[in-house]
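See structure below.
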Amino acid sequence: MNDILPADAPLWELFENTVQSVLKSYGYQQIRTPIVEETALFARGLGAVTDIVEKEMYSFEDSLNGDNLTLRPECTAGVVRSVLEHNLTYDGPKRLWYTGPMFRHERPQRGRYRQFHQVGAEAVGFAGPDIDAELIMLCQRLWDDLGLTGVRLELNSIGNAEERHRHRADLIAYFERHHELLDGDAQRRLHSNPLRILDTKNPAMQEMVNAAPKLIDYLDAESLAHFEGVQKILRHNSIPYTVNPRLVRGMDYYNRTVFEWVSDELGAQGTVCGGGRYDPLVGMFGGKFTPACGFAMGVERLIELMRASGEPMQQSQCDVYLVHQGEAAQMQAFVLAERLRDAGLSVVLHCAADGAGGSFKSQMKRADGSGAGYAIILGEDEVAAGEASIKALRADSMENNQQRVAFDGVVDYLVDQMIGGDEHDCDCCG
Ligand code: ATP
Ligand code: MG
C-alpha cells in the first residue's frame, strides 16, 4: 500500500478529470458502492477457485457481530449487488461507472500494489456486441485524450460455459497425450484449470501449447456472430486490435468477449485495462438473466504511463501568495484573500510555521516556493496608504516587476494581469 504524495496530485487530477469527462460523453453514470462487502459476495461472484478468492482477499470477522467481511478486491460484484438490491434496471439497461481503491494481498512488485485504484464501467442489461465495442472505443478515446500512444488492444471470445466445457475436455485429453512435456505447474493445473496452461512462459512447452485445441474452434454460430459483430464495429471505426486466442480472464464469470489493453512500457505488469462480457453474473447473484459487459483499468499503471509520456506537470500551489506584516495588515490580508477567491483565483495567505508573522524575507521565500505568479505585499506602509504592493514572481508575468495598487483595485488589477498574461502565453502570439 502506498501514499500518493502531493507531487503526484496533478497527474492524478488530470487522469480523474479526463476519465470522468470521457465516461460522461458516452452517457455513463457514476455509482459508489461500499469498500467493505460481505465475504460471500466475492466467493460467489468471482468463483471460489480464482486467485483472488483463494489467496488475495483481505477478509476479517467483525468482532462486534461476527459478520464475515472483505475489503473489495474489485468492484463488479459490488455493482451487480447494488443493481439488484435497488432494482436499477427496472426501466431498462444502465450504463454505470465507478472509481476507487481495491485491495488484494499480492506479492508486492512493480505495478502491483495491495491497495490500488481502478476505474471501471459496467453496462448492465445489454446483450448485443454493440455495447462491447462501445466500451472498447471509450477506452481508446481515453488513451487518446491522455496522450498515451503505446496501448494496444487484444481481443478474444471465450464462448459460453458449454463451449468451454467441450473445449476443456479435449484440451485435457490433448495435454494428457503430451504428458512428458508438461512442467510441474502445468501438471498441477491439468485438471483444475487447463486453460491457464495455455498461458505458460516455458519455452520447452511453446510448440506443444501452440498446437493445442483452440477454444475459438468450439464456438457455435451465435457466439461467433457476436464476436464478429464486435470486430465489425471496431474495424469500421479504425480501432486496431489483435485477436489473441490465448487471452482468458481471471474471473469465472466472463463469457464471450474478453479484452485487454496492454502496454510494453511497464515491464511484466503490462495490462492497464481488462474487461469483457459477463452475462451469467446477475443470474448467479439470484437476479433474473441480465446480460452485461464491463471493464476495469488500473489507475497506478496508467499514471506511470502518463508520467513517462508527458512533460513534467507544472505544480504551482496557487495563483497568488499573500505576504503581510503587522496585525492591521493581517486583518486586511484576510479580507483581500476572500475577495480574490470570490474572483476565482487560488490564494495562499501566509501563515507562519511558528505562529508569529515571519520576516518579510522569509515570507517572500515561501511566496517564490509556492509557484504563484504573483505575491501581494501588505506592510505597514501599504496599509497606511490604503494600497497593496503586487510583485510579479515570474519574470514574464508583469511589465514592471512591482506595482502599488489601491486596495480596492487589487482584484481587478490582478484579474486583468492574469487574463493578459494568458493571452500572451497562447499559441497564436508565439
Ligand atoms: P493481473 O493479470 O495483472 O493480475 P488481473 O487480471 O488480476 O491482472 P483485473 O482484476 O482484471 O486484473 O483488474 C483490472 C486491472 O486492474 C488490471 O489490468 C491492472 O491494470 C489493475 N490491477 C489489478 N491488480 C492490481 C494490483 N495489485 N496493483 C495495481 N493494479 C492492479
Ligand atoms: Mg491479478
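Every number for a ligand or one of its atoms is a count from 1 in the order of the listing. Numbering starts at 1 and runs along the sequence shown.
With ligand atoms numbered from 1 in the order given, ligand 1 contributes 15 (C), 16 (O), 20 (O), 21 (C) to contacts under 4.0 Å with heavy atoms of G298. Residue C273 has at least one heavy-atom neighbour below 4.0 Å for each of these atoms of ligand 1: 18 (O).
Counting heavy atoms from C-beta outward, L138 and R141 have side chains that stay 4.5 Å or more apart. Contact check for Y218 versus P213: side-chain heavy atoms found under the 4.5 Å cut-off.
Not close to ligand 1: E300, with no non-hydrogen atom less than 4.0 angstrom away.
Under 4.0 Å from ligand 1, the heavy atoms of R301 that appear belong solely to its side chain. By the criterion of a heavy-atom distance under 4.0 Å, the backbone of V272, and not its side chain, is placed next to ligand 1.
Around CZ of R32, the count of heavy atoms belonging to other residues, nucleotides or ligands within 6.0 Å does not exceed 12.
Not one N or O of Q269 is nearer than 3.5 Å to an N or O of ligand 1, by distance alone.
The option from E74, R104, E106 that lies nearest to atom 10 (O) of ligand 1, judged by heavy atoms, is R104. Among Y113, F295, F103, F116, the residue whose heavy atom lies nearest to atom 22 (N) of ligand 1 is F116.
A salt bridge links R307 with D8; the closest basic N to acidic carboxylate O contact falls under 4.0 Å. Remark: E163 does not engage R256 in a salt bridge, criterion side-chain N to carboxylate O under 4.0 Å. Using a cutoff of 4.0 Å between basic side-chain nitrogens and carboxylate oxygens, E338 and R341 are scored as salt-bridged.
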